[in-house]
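Right, one structure below, let's go through it.
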Amino acid sequence: MAKVPQRGQQIVIGYYIDLALHGLRRNKVLTALMILALAVGIGASMTTLTIMHLLAGDPLRGRSGQIFYPQVEPDPGSKAREPHDVMDYQSAMDLWSARRADRQALVINSRVKLLAPDTRLPPLMLSMLSTTTDFFTMFEVPIRFGRPWTAEDDAAHARVAVISADLNDRLFGGQNSVGRTLRLKNSDVRIVGVLAPWRPSPLFYDVRGGRFSSGDTANFYDKPEGVITPFTTALEVNDGNFVPFTCWSNPTTPGHLQNASCVWVALWVQLGDAAKVASYRRFLDGYVAQQHALGRITRTDNTRLRSLPEWLDFNGVVPGDVKLQTSLAFAFLAICLCNVVGLLLAKFLRRGGEIGLRRALGATRRAVFIQCLVEAGVIGAFGGLGGLLLTLFGLWLVRRQPVPYADFVHLDTSMFLATFVISVGASLVAGLLPAARASLVEPALQLKVL
């Protein structure tokens with residue numbers, strides 16, 4: 001059989017769409033009900049799916065598989081299956097100083113009193129991130145003014161800092177503040193860099209303890225810290241203000257944790273390929289075995305090296321209420337589709353005489369089936385347009401809720417396209433049964449009625 005030319009296919013498709021539009025206009029109330037039911041279901045499901053998509057997305061755009069989170073268990077009394085989420089100071093420093101990864105960054109957090117001496121603003125209490133220079137390259141942190149500090153600054157305990165775009169706007173009106181001075185606690189530091197607007201989702205480098213928080217992981221979506229300082233500098237500038245993740249004996253000096261029996265330091269490493277990952281695993285196991293021989297670490301079977309996606313999944317970074325809302329929204333969409341199926345079935349069967357006449361004039365069952373399915377698809381397209389408007393309204397409402405992730409909820413290109421794909425796909429699925437039933441109409445019976 002000869003193939004139908006492409007021009008002929010376009011004419012046939014256009015003919016079916018024209019029939020579909022004509023069929024929709026014949027019963028406007030029924031058509032409006034189907035479009036409304038589909039739009040409401042799509043709007044509810046796409047609002048929650050968009051939030052899920054944003055919260056569970058790849059924070060490093062395809063590079064997350066190269067970022068790893070090593071763990072060891074320094075607590076001699078621990079019987080847990082998993083090591084603590086962070087390390088003690090000595091273990092973290094030993095692994096970082098070994099330089100066995102392509103890049104690596106130590107990470108700690110603390111609260112600090114901040115003052116900009118050459119402004120009239122009162123002192124601020126804010127969260128400070130302290131890390132090493134590879135942090136900026138590993139995590140693709142955008143810099144607007146200046147630059148990060150160097151490895152030499154790390155080694156020299158340099159009194160320098162990088163501040164966020166939000167803090168720069170607040171203190172200096174968004175101007176280039178490189179070279180200006182901040183007072184952190186009782187020490188002056190010089191600003192060497194200002195971040196461009198940066199809103200990682202989630203705050204992946206700070207993720208820890210999510211599985212212990214009874215589903216409350218919303219803090220993983222807080223805004224990034226306002227000021228970033230070298231790790232070694234923070235130990236001196238903000239000494240006494242560090243909070244441990246947990247301790248197995250009381251620190252001699254609260255907040256001074258370098259020699260305490262506490263875990264509080266995170267280490268991230270970048271490993272470029274599978275061979276480097278395997279090599280680092282052997283290094284990690286070798287380090288634990290060495291420390292066991294020295295009597296410092298008792299458990300040699302409790303090390304982990306998870307990739308960033310594995311670590312986020314392990315900690316359950318997506319809030320439980322978002323998962324529940326997404327499930328309920330898609331259940332609601334299924335109910336809406338059941339209503340659409342019923343309405344389509346009633347609509348097509350009411351046109352039994354017309355379908356019988358078409359069959360008598362030579363239309364095949366396949367042609368009738370396709371015509372009805374195209375009509376269902378056109379309904380899906382209109383329902384998708386209505387669902388898009390409701391999705392935008394739903395996301396607008398979410399942005400006004402008191403949740404940490406509200407400020408970056410938006411509809412990106414992929415979810416915009418997904419709205420129409422899901423809507424048309426759902427309507428086609430809903431139209432299968434009514435279209436099949438309509439194609440089984442017997443011409444002779446319908447013509448007798450006419």
Side-chain angles (χ1 to χ4, degrees), residues 4 6 8-54 57 325-351 355 363 365-395 410-439:
V4 177
Q6 185 176 4
Q9 291 177 348
Q10 293 174 350
I11 292 174
V12 171
I13 294 173
Y15 172 67
Y16 282 135
I17 293 177
D18 186 62
L19 285 178
L21 293 173
H22 178 71
L24 296 181
R25 288 194 296 266
R26 291 179 61 181
N27 195 325
K28 297 179 180 178
V29 175
L30 198 60
T31 298
L33 287 175
M34 289 187 288
I35 292 175
L36 180 61
L38 191 58
V40 171
I42 290 295
S45 57
M46 290 308 300
T47 297
T48 55
L49 184 62
T50 299
I51 296 173
M52 176 76 80
H53 165 73
L54 293 171
Q325 290 166 10
T326 303
S327 300
L328 293 176
F330 273 90
F332 178 67
L333 175 60
I335 294 173
C336 293
L337 288 179
C338 289
N339 286 309
V340 172
V341 169
L343 293 172
L344 282 173
L345 194 59
K347 182 180 180 65
F348 293 158
L349 292 182
R350 286 180 61 182
R351 288 159 47 189
I355 294 171
R365 294 185 189 275
R366 180 174 179 271
V368 173
F369 178 81
I370 293 176
Q371 175 193 339
C372 294
L373 207 56
V374 169
E375 188 167 331
V378 172
I379 291 172
F382 284 112
L385 181 59
L388 175 64
L389 297 176
L390 291 176
T391 299
L392 293 174
F393 177 68
L395 296 177
H410 66 280
L411 189 72
D412 60 18
T413 303
S414 63
M415 299 310 293
F416 173 82
L417 296 175
T419 301
F420 288 97
V421 170
I422 292 176
S423 180
V424 174
S427 65
L428 290 176
V429 171
L432 287 174
L433 177 60
R437 180 66 182 84
S439 67

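Quick caveat: nothing in here was measured; it's all calculated off a predicted structure. Each residue takes its place number in the sequence, starting with 1.
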Heavy-atom pair with the smallest gap, counting every atom of G41 and L333: C-CD1, 3.6 Å
F369 vs L432, side chain to side chain contact (heavy atoms under 4.5 Å, CB included): CA-CA, chis, key distance, verdict: CA-CA 8 Å; F369 178 81; L432 287 174; 3.9 Å; yes
Closest approach of L344 to G431 (non-hydrogen atoms, all atoms of both residues): CD1-CA, 3.8 Å
Whether S45 side chain and A329 backbone form a donor-acceptor pair below 3.5 Å: no
Shortest non-hydrogen separation from L411 to T391 and the atoms involved: CD1-CG2, 4.1 Å
Heavy-atom pair of closest approach, residues C372 and A435: CB-CB, 3.6 Å
Heavy-atom side-chain proximity of L390 to V40 below 4.5 angstrom: yes
Side-chain heavy-atom pair L343, L33 within 4.5 angstrom cut-off: yes
Matching residue for T419 among L385, L388, T50 - test: side chain to side chain contact (heavy atoms under 4.5 Å, CB included): L388
Distance in Å, M46 CE paired with F420 CZ, rounded so as to fall on 0.5 Å steps: 10.0 Å
Non-hydrogen atoms of L395 and T47 that approach each other most closely: CD2-O, 3.8 Å
Beyond-backbone contact of L38 with C336, side-chain heavy atoms, under 4.5 angstrom: no
Main-chain N/O of A376 paired to S427 side chain as donor or acceptor, under 3.5 Å: yes
From I335 atom CD1 to F330 atom CZ, the distance as rounded to the nearest 0.5 Å: 14.0 Å
Shortest non-hydrogen contact from Q325 toward T48: O-CG2, 3.8 Å
